[in-house]
There are 2 protein chains.
Amino acid sequence: MIGSLTLDQLRVLVTIADLGSFSAAGRQLQRAQSAISQTVATLEGIQGVRLFDRSGHRPRLTEVGRALVGQARLVLASAGRFEALAAGTREGIEPELAVAIDPLVPTAPLIESLRALRNVFPNLPVSFSTEGLRGAERRLRRGEAALAFCLLLPVVPEDLVALPLVGARLLPVVSPTHPLAQLGRAATLADIEEHVQLVLSDPAAPEGASYGIIGSKAWRFVDLGRRLDFLLAGLGWCRMPENLVAPFLDDGRLLRLRIDDDPAASANSLTLYAAHMRDRPLGRAGRWLLDDLKTRFEMPLSAYGS
Amino acid sequence: MIGSLTLDQLRVLVTIADLGSFSAAGRQLQRAQSAISQTVATLEGIQGVRLFDRSGHRPRLTEVGRALVGQARLVLASAGRFEALAAGTREGIEPELAVAIDPLVPTAPLIESLRALRNVFPNLPVSFSTEGLRGAERRLRRGEAALAFCLLLPVVPEDLVALPLVGARLLPVVSPTHPLAQLGRAATLADIEEHVQLVLSDPAAPEGASYGIIGSKAWRFVDLGRRLDFLLAGLGWCRMPENLVAPFLDDGRLLRLRIDDDPAASANSLTLYAAHMRDRPLGRAGRWLLDDLKTRFEMPLSAYGS
DNA sequence: ATCATCCATCACCTCAGCTGATAGAGAAGA
DNA sequence: TCTTCTCTATCAGCTGAGGTGATGGATGAT
């Protein structure tokens with residue numbers, strides 16, 4: 001049982017396998033050869049296996065020994081990650097980076113920064129969560145996430161620090177089979193009033209205000225995918241981020257819906273922010289990620305920090 | 001460094017986290033509470049981290065502590081696999097099961113047996129290799145695989161023990177765009193002679209005999225997938241296992257090619273065998289898998305063992 | 001045959017981790 | 001408030017696992 005197995009035994013085993021000799025392993029580990037011999041004998045005794053064929057001048061790994069050396073490497077690597085994690089926190093790196101992402105936020109623009117993060121902090125555990133509209137903000141406030149990628153409405157709240165990354169353009173869209181697609185002209189507000197708007201909503205406040213609602217017929221969804229299913233099936237219209245509907249517009253499964261006197265037309269663009277709590281400083285990795293994002297996006301607005 | 005970290009420290013850490021108390025951990029591990037206290041203090045000292053907030057009556061994990069407990073579990077699990085592997089070999093289970101599969105062999109019929117193998121021997125490392133026609137047999141003979149799934153031609157060699165599992169029916173097929181598909185009648189051998197046959201061959205003997213060659217125009221492939229690409233593109237005809245071409249026949253991308261006086265017509269079926277070396281007995285897991293396959297397939301031929 | 005290097009075994013020594021006792025503190029209940 | 005139970009930290013003393021260096025037998029190269 002693990003009560004007897006030691007990482008030191010595994011280290012000795014792997015070193016012998018790598019150098020091909022007990023005495024060479026002793027030299028590398030700065031121990032007497034007899035200590036090496038004893039350690040292997042103890043490991044063999046307790047595990048009940050023969051790791052080496054000793055009939056030749058030098059020891060040769062048995063088949064069992066080879067397989068166990070392979071697993072020993074995995075154990076030692078995992079232990080190394082434990083120590084790297086501990087070392088990281090001594091240097092101010094957070095033990096974990098929890099990131100919350102709102103459903104409308106495209107991940108593609110973030111991929112390169114996240115990939116770079118992994119290269120610079122290879123042992124950092126990172127978690128991503130998505131919870132519905134405003135869910136990311138909520139996770140920040142609850143201390144469940146250190147960083148949020150979200151669309152902040154209508155302005156950046158005072159308790160958050162938010163770096164604007166990119167605009168998120170929303171387009172009114174509809175399926176070609178939907179009556180609004182067959183008007184042959186731009187839709188009036190009266191036309192819109194006749195039909196269901198498919199709305200992405202905040203799961204914590206389903207009846208609360210949601211962006212750009214026109215009519216009185218609103219079907220609310222927490223789940224972006226389910227809303228898309230309804231949209232494609234022609235059950236209603238909605239405003240969608242351009243990045244998400246581009247493929248559907250390209251192949252004709254969805255059409256852009258033109259609306260006369262659209263109340264949301266003047267603010268038809270939302271900003272994707274990378275936000276964190278003002279009173280809870282990011283750790284080193286979080287700060288690094290934010291700086292990397294700032295470099296990659298370089299948004300002209302100077303809203304950050306203010 | 002790993003020279004100081006011990007599995008025992010990690011076990012103590014995880015036990016405290018699970019039970020919420022140093023003394024409870026001591027009771028479970030049958031040690032004095034002070035030993036637990038010391039072990040944690042040593043771990044904290046060497047790794048330079050504070051694992052517990054001790055300002056309350058009971059210790060509470062810090063954020064760092066929580067992350068490190070998570071990694072400690074992974075290390076202990078990996079060490080557990082090391083011991084399970086050792087225990088397995090004591091019981092006659094081989095340290096690894098290397099399986100070679102010929103490219104024409106369908107994997108779908110084997111899936112259930114392999115899934116069951118994983119359930120019965122959860123810590124057994126299993127590797128699969130594919131090397132081209134006859135590659136599986138070659139790996140058996142080289143000692144690189146314990147078990148082979150292959151089509152043995154023309155009879156089972158004497159040095160192998162082979163359990164017949166299922167017949168593998170080969171169909172001559174062609175793309176609808178190929179001239180042979182547009183004859184409007186069965187093809188004669190003269191028709192066939194005019195066109196390229198796409199042949200799967202042995203990478204070790206590319207010019208060697210391959211099954212069912214008719215004409216003098218043979219393009220040889222080691223790679224089943226590439227051959228299929230050429231076939232679908234109408235560059236030639238070939239004999240394919242029925243199981244592999246059924247979807248293509250169903251949706252019309254391939255047609256069955258009827259051949260008058262086909263020399264291979266009388267032996268249009270090959271047998272899939274599970275084979276191993278006669279002079280190298282299988283370990284427990286290999287034997288178990290063979291028995292399971294025997295049960296699942298129950299082939300009426302009694303060629304096994306003879 | 002000689003030499004260098006290998007691993008196994010032995011007797012002895014050292015110190016990490018164990019024990020039980022003690023002190024101070026928190027939490028719950030009367 | 002007091003009592004009781006339970007908690008962790010620290011201490012002094014003890015034990016045995018794993019270290020050392022020496023020795024013996026064996027292998028492999030010259």
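Chain letters run A, B, ... following the sequence lines, proteins first, then strands; residues in each count from 1. Side chains included, hydrogens not; waters and symmetry mates left out as well; all remaining heavy atoms used.
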* Answer yes or no: does a side-chain N or O of B/Arg54 lie under 4.0 Å from OP1 or OP2 of D/dT8? => no
* What is the distance, rounded to the nearest whole Å, between atom CZ of B/Phe52 and atom C1' of D/dT8? -> 12 Å
* Structure fact -> A/Arg31 atom CZ is separated from D/dG21 atom P, nearest whole Å, by 14 Å
* Side-chain ion pair, B/Glu44 and B/Arg54, N-O less than 4.0 Å -> yes
* Structure fact -> A/Ile36 atom CD1 is separated from D/dG18 atom C1', nearest whole Å, by 11 Å
* For B/Gln38 and B/Phe22, take the nucleotide of DNA chain D holding the closest heavy atom to each; which residue's nucleotide lies nearer the 5' end? -> B/Phe22
* With sequence neighbours excluded, what pairs up with B/Asp18 under the side chain to side chain donor-acceptor pair (under 3.5 Å) test? -> B/Arg73
* Looking only at side-chain N and O atoms, does B/Arg27 come under 4.0 Å of OP1 or OP2 in D/dC7? -> yes
* To do: Test side chain to side chain contact (heavy atoms under 4.5 Å, CB included) on B/Thr6 and A/Thr6 and set out the steps.
  => CA-CA 6 Å; B/Thr6 69; A/Thr6 68; 6.0 Å; no
* **Residues forming a side chain to side chain donor-acceptor pair (under 3.5 Å) with B/Asp53, sequence neighbours excluded** => B/Ser55, B/Arg60
* chain B on DNA chain C: first and last contacting nucleotide, 5' to 3', under 4.0 Å to a heavy atom? -> C/dC18 to C/dA27
* Note, A/Trp288 side chain near A/Leu97 side chain (heavy atom, < 4.5 Å) -> no
* Does a side-chain N or O from A/Ser34 land closer than 4.0 Å to OP1 or OP2 of D/dA22, or not? -> no
With a cut-off of 3.5 Å and sequence neighbours excluded, list every side-chain donor-acceptor pair involving residues 144-157 of chain B.
unit_1: B/Glu144; atom_1: OE1; unit_2: B/Arg139; atom_2: NH1; d: 3.4
unit_1: B/Glu144; atom_1: OE1; unit_2: B/Arg142; atom_2: NE; d: 3.4
unit_1: B/Glu144; atom_1: OE1; unit_2: B/Arg142; atom_2: NH2; d: 2.9
unit_1: B/Glu144; atom_1: OE2; unit_2: B/Arg142; atom_2: NE; d: 3.0

* Asked: Think B/Ser37 has a side-chain N or O under 4.0 angstrom from the OP1 or OP2 of D/dA9?
  -> yes
* Asked: Over how many whole Å does the gap from A/Arg58 atom CZ to D/dT27 atom C1' extend?
  -> 11 Å
* Asked: Taking the nucleotide of DNA chain C with the closest heavy atom to each, which residue, A/Gln33 or B/Gln30, is nearer the 5' end?
  -> A/Gln33
* To do: Answer whether the closest heavy-atom distance between the side chains of A/Arg81 and B/Leu74 falls below 4.5 Å.
  => no
* Structure fact -> Applying ring pair (Phe, Tyr, Trp, His ring centres under 6.0 Å) to B/Phe22 and not counting sequence neighbours gives B/Phe52
* Asked: Within the structure, does a side-chain N or O atom of B/Ser23 lie under 4.0 Å from either OP1 or OP2 of D/dC5?
  -> no
* **Rounded to 10 degrees, the angle between the two terminal axes of the helix from C/dA1-D/dT30 to C/dA30-D/dT1, each from five pairs** => 40°
* Is B/Glu91 atom CD crowded by more than 12 heavy atoms from other residues, nucleotides or ligands, each under 6.0 Å away? -> yes
* Given atom CG of A/Leu43 and atom P of D/dG18, what is their separation to the nearest angstrom? -> 11 Å
